[in-house]
Amino acid sequence: MLLVRGTHDLIHKSAQVHRYITEYARTWAHKYGFTDVSTPILEYEGIFSRSLGETSDIIRKEMFVLEQKGDDPHKESIILRPEGTAPIMRALFMNGLHQTLPQKFFYEGPMFRYDRPQKGRQRQFHQFGIELLGIKSSWAEIDVISLSFDILKGLGISNLTLEINTLGDKESREAYKSALVDYFQDVKECLSLESQERLLKNPLRILDSKSAQDRKLIEDAPVYRNYLNTFSENYFETLLKNLNHLDIPFKINPHLVRGLDYYSHTVFEITTPDLGTQSTLLAGGRYDSLSTLMGNSTDIPAVGWAAGIERLALLLEDKLSLPNPRQFALIPLSEEQDREAFSWTQKLRQEGLIVHFVSDGKIAQKFKAAAKLGAQYGLVLGDEESKTKTFTLKNFETGDQQQISQNALSTTLKSL
RNA sequence: GCGGGCGUAGCUCAGGUGGUUAGAGCGCCAGAUUGUGGCUCUGGAGGCCGUGGGUUCAAGACCCAUCGCUCGCCCCA
């Protein structure tokens, strides 16, 4: 038996933790007024290649392409979605929602990237994220960043850093790009091979390089802040001032560039030192030009972020105490009691109790199974109980037993 | 895609320089206990030693390849 590389089963505790994280995030998103949206896992490749940029690693080497069966009317490849933002933008247009802005969406689900697996990095992983569409001011950023902290802190994650930077608008970016190219062109031979390639395709990404030789050169490279036009500069300043005013701590990281093409102005990440090399828990920013990249005639203001559920789970799995509701096991002692016991089981389930029905094996095996299934209490129904219209209620933790009348069954159980 | 470490029972791991039928603890199953799980005792099942090839009289161990996990690089959530 083989497990597809980079995938995992979620069983018992890991499934519960995963679900708990998602539900917790959803609850907060609802308080902020975001509503659920769910888009297909399958999309045409163009949705992503147009929006993420042909030079991004996700497009160049990490896509899961499906084998075409022949009945699809389009020749374009179908892929497993690698991220959530582009599909939501697609859905916005296809459902005509861009005419009724603003829109606020929360999503959650599996994403797929053909990457080399590592701790905190799977080929099938799960994200939840939010998209706030149609708000121009930087209060949109404030709103979504606040939401992200409410979720992460509420989950009990500490040791968080908000790193933030601005990519400016198109005009600023073009000005900065040409300054960067001028600077690096002169020292091209000293750059790593990867960065030499970036110089041609996506010079901003050189700033993100971790190679030691690049880092030295990057230190002396032109600083973006000096190339921002007035609008971009003011936009960023206002955002930072408001973050300060709200006591949201942040760290400006001028090297935070992001791999995806659709960002403009604000980019941010929330990182933790507790996960080794996969330190980003949540990342996002503003992507006003995504809508035009996807074919719309005008920009639609948009901010959002996505968080990696597996990474949060790694931080939480050991310390999260999940709710542990009462569970009962109905134990008929012989086959004569099976039917009666099962209808009692159903009755109690309808009353809202969690009830296991245990009928396999010998009596000792039934008790063993009941305890293993997680029941804290056993309800024994044998000949004597049947005659006297009672159950024997056994507390598995203390071993105590008592007789309770069938009439008072559900009220007794609920009062435990 | 690149570099390092590691693959032995369901789990955690022992198995010096190659030497008969591969071990422990936990877990699992059964019995002691025919109306009672956990504790105890007794017994039992469970391994192509990741996979394929090579060296050797002889390989879990050595060599090569491959797959997987893992740490780092890269990238990102």
Side-chain angles (χ1 to χ4, degrees), chain A residues 1-8 11 21 25 52 55-62 81-85 108-129 148 152 192-195 197-198 202 205 208-212 214 256-260 267-272 275-284 304-315 329 331-334 336-337 358 361-386 392-401:
Chain A
M1 285 180 286
L2 295 170
L3 182 70
V4 172
R5 189 169 195 212
T7 66
H8 279 108
I11 298 175
I21 291 170
L52 305 183
T55 61
S56 68
D57 278 14
I58 291 179
I59 297 304
R60 280 169 53 206
K61 42 188 188 190
E62 295 178 6
R81 65 180 180 195
E83 61 105 44
T85 296
E108 160 273 307
M111 306 293 165
F112 304 84
R113 292 181 197 173
Y114 193 91
D115 204 347
R116 177 137 173 196
Q118 225 179 100
K119 185 181 179 185
R121 188 170 80 184
Q122 283 93 265
R123 287 183 173 183
Q124 175 177 338
F125 62 106
H126 296 79
Q127 291 186 329
F128 62 82
S148 69
L152 297 178
S192 66
L193 286 176
E194 277 151 327
S195 288
E197 195 186 328
R198 290 182 183 131
N202 195 348
R205 293 281 311 286
D208 214 15
S209 168
K210 271 138 198 152
S211 118
D214 291 353
L256 186 62
V257 181
R258 324 263 43 215
L260 312 181
V267 290
F268 60 88
E269 279 184 13
I270 295 179
T271 61
T272 175
L275 277 185
T277 183
Q278 315 297 334
S279 60
T280 304
L281 293 177
L282 177 151
W305 49 251
I309 297 175
E310 281 81 358
R311 290 183 187 178
L312 300 177
L314 282 172
L315 293 171
I331 305 171
L333 290 187
S334 69
E336 275 107 77
Q337 282 91 35
V358 178
K362 287 188 264 187
I363 288 166
Q365 291 169 323
K366 291 177 188 177
F367 277 82
K368 199 170 187 180
K372 252 191 221 170
L373 284 166
Q376 293 92 342
Y377 293 92
L379 282 163
V380 182
L381 182 64
D383 287 338
E384 288 168 31
E385 287 85 353
S386 206
T392 300
L393 175 67
K394 172 160 188 167
N395 181 329
F396 283 127
E397 276 143 38
T398 62
D400 296 343
Q401 291 195 170

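Letters A, B, ... are given to chains in the order of the sequence lines, protein chains preceding strands, and every chain is numbered from 1.
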### Whole-Å gap separating P (B:C76) and CD (A:Glu83)
12 Å
### Spacing of the C1' atoms in B:U8 and B:A24 (rounded, Å)
13 Å
### Message
If you define the side chain from C-beta out and look only at heavy atoms, does anything of A:Leu312 sit under 4.5 Å from A:Phe128?
### Response
yes
### Message
Using whole Å, what does the distance between atom C1' of nucleotide B:C76 and atom CD of A:Gln124 come to?
### Response
17 Å
### Within-4.5 Å side-chain heavy-atom neighbours: A:Arg311 and A:Ser279
no
### Query
What nucleic acid atoms does A:Gln118 come within less than 4.0 Å of, heavy atoms only: base, sugar-phosphate, or nothing?
base
### Task
Only stems of 3 or more consecutive Watson-Crick or G-U pairs count here, both distances under 3.5 Å; name the ones for RNA chain B, or none.
B:1-7 with B:67-73, B:10-13 with B:23-26, B:28-32 with B:40-44, B:50-54 with B:62-66
### Message
Roughly how many Å apart are B:U36 and B:G31, using the P atom of each and rounding to a whole number?
### Response
13 Å
### Query
At under 4.0 Å between heavy atoms, what does A:Ile309 touch on the DNA or RNA strands: base, sugar-phosphate, or nothing?
nothing
#### Entry: Atom pair distance, as rounded to whole Å: NE2 in A:His126 and P in B:A77
16 Å
### Query
Across the strands shown, which category fits A:Gly120 at heavy-atom distances under 4.0 angstrom: base, sugar-phosphate, nothing?
base
### Message
Whole angstroms only, please: what is the CG-P distance between A:Leu152 and B:A77?
### Response
15 Å
### Message
With a 6.0 Å cut-off (strictly less than), is the heavy-atom count around CZ of A:Phe396, excluding the residue itself, greater than 12?
### Response
yes
### Euclidean distance for C1', B:G60 against B:U51 (whole angstrom)
14 Å
### Task
Among the candidates B:C73, B:A77, B:C69, find the nucleotide nearest to the side-chain atoms of A:Arg311.
B:A77
## Note on the structure
On RNA chain B, more 5' by nearest nucleotide between A:Gln127 and A:Arg116 is A:Arg116
### Message
Considering every strand and a 4.0 Å limit on heavy-atom distances, what is the contact class for A:Gly361: base, sugar-phosphate, or nothing?
### Response
nothing
### Task
Send over the distance from A:Glu108 CD to B:A77 P, rounded to a whole Å.
17 Å
### Task
Could you tell me whether the side chain of A:Phe268 reaches within less than 4.5 Å of the side chain of A:Leu282, counting heavy atoms only?
yes
### Query
Which whole-number value in Å describes the distance from A:Arg123 CZ to B:C76 C1'?
14 Å
### Student check: side-chain heavy atoms of A:His126 and A:Glu108 closer than 4.5 Å
no
### Between B:C6 and B:U17 - C1' atom distance, rounded Å
22 Å
### Message
Among B:C76, B:G68, B:C74, which nucleotide has an atom closest to any side-chain atom of A:Arg121?
### Response
B:C74
#### Entry: A:Arg5 side chain, from C-beta outward: closest of B:C76, B:G68, B:C71
B:G68
### Query
Which atoms form the tightest heavy-atom contact between A:Met111 and A:Gln127, and what is the distance?
CG-OE1, 3.6 Å
### Query
Looking only at atom C1', what distance separates B:C64 and B:U55, rounded to whole Å?
11 Å
### Query
For atom C1', what is the distance between B:C49 and B:C62, given to the nearest Å?
15 Å
### Message
Between B:G7 and B:A65, how far apart are the two C1' atoms, rounded to whole Å?
### Response
16 Å
### Query
Starting at the 5' end of RNA chain B, which residue's closest nucleotide do you reach first, A:Ile270 or A:Gly6?
A:Gly6
#### Entry: Candidates A:Arg81, A:Glu83, A:Arg123 - the one meeting side-chain contact (heavy atoms from CB on, under 4.5 Å) with A:Arg113
A:Glu83
### Task
Take atom C1' in B:G15 and the same atom in B:G23, then report the distance between them in whole Å.
7 Å
Atom pairs under 3.5 Å, N or O on each side, protein against nucleotides 34-37 of chain B: can you list them with distances?
{"unit_1": "B:G35", "atom_1": "O6", "unit_2": "A:Glu384", "atom_2": "N", "d": "3.1"}
{"unit_1": "B:G35", "atom_1": "O6", "unit_2": "A:Glu384", "atom_2": "OE2", "d": "3.3"}
{"unit_1": "B:G35", "atom_1": "N1", "unit_2": "A:Glu385", "atom_2": "OE1", "d": "3.0"}
{"unit_1": "B:G35", "atom_1": "N1", "unit_2": "A:Glu385", "atom_2": "OE2", "d": "3.2"}
{"unit_1": "B:G35", "atom_1": "N2", "unit_2": "A:Glu385", "atom_2": "OE2", "d": "2.6"}
{"unit_1": "B:U36", "atom_1": "O2", "unit_2": "A:Lys394", "atom_2": "NZ", "d": "2.6"}
{"unit_1": "B:U36", "atom_1": "O2", "unit_2": "A:Gln401", "atom_2": "OE1", "d": "2.9"}
{"unit_1": "B:U36", "atom_1": "N3", "unit_2": "A:Gln401", "atom_2": "OE1", "d": "2.4"}
{"unit_1": "B:U36", "atom_1": "O4", "unit_2": "A:Gln401", "atom_2": "NE2", "d": "3.3"}
{"unit_1": "B:G37", "atom_1": "N7", "unit_2": "A:Lys394", "atom_2": "NZ", "d": "2.9"}
{"unit_1": "B:G37", "atom_1": "N1", "unit_2": "A:Phe396", "atom_2": "O", "d": "2.5"}
{"unit_1": "B:G37", "atom_1": "N2", "unit_2": "A:Phe396", "atom_2": "O", "d": "3.0"}

### Query
Does any non-hydrogen side-chain atom of A:Leu333 lie less than 4.5 Å from one of A:Val380?
yes
### Message
Applying side-chain contact (heavy atoms from CB on, under 4.5 Å) to A:Ile331 and A:Leu381, what does each step give before you reach the verdict?
### Response
CA-CA 6 Å; A:Ile331 305 171; A:Leu381 182 64; over 6 Å; no
### Task
Looking at every strand, decide which applies to A:Ala370 at a 4.0 Å heavy-atom threshold: base, sugar-phosphate, or nothing.
nothing
### Query
Which part of the nucleic acid, if any, lies within contact of A:Gln122, taking any heavy atom under 4.0 Å across all strands shown: a base, the sugar-phosphate backbone alone, or nothing?
base
### Query
When the distance from CD of A:Glu310 to P of B:C76 is rounded to whole Å, what number comes out?
18 Å
### Query
Is there a donor in the side chain of A:Gln337 and an acceptor in the side chain of A:Ser386, or the other way round, less than 3.5 Å apart?
no
### Message
If only side-chain N and O atoms count, and only distance matters, is there a donor-acceptor pair under 3.5 Å linking A:Thr7 with A:Gln124?
### Response
no
### Message
Considering every strand and a 4.0 Å limit on heavy-atom distances, what is the contact class for A:Lys366: base, sugar-phosphate, or nothing?
### Response
nothing
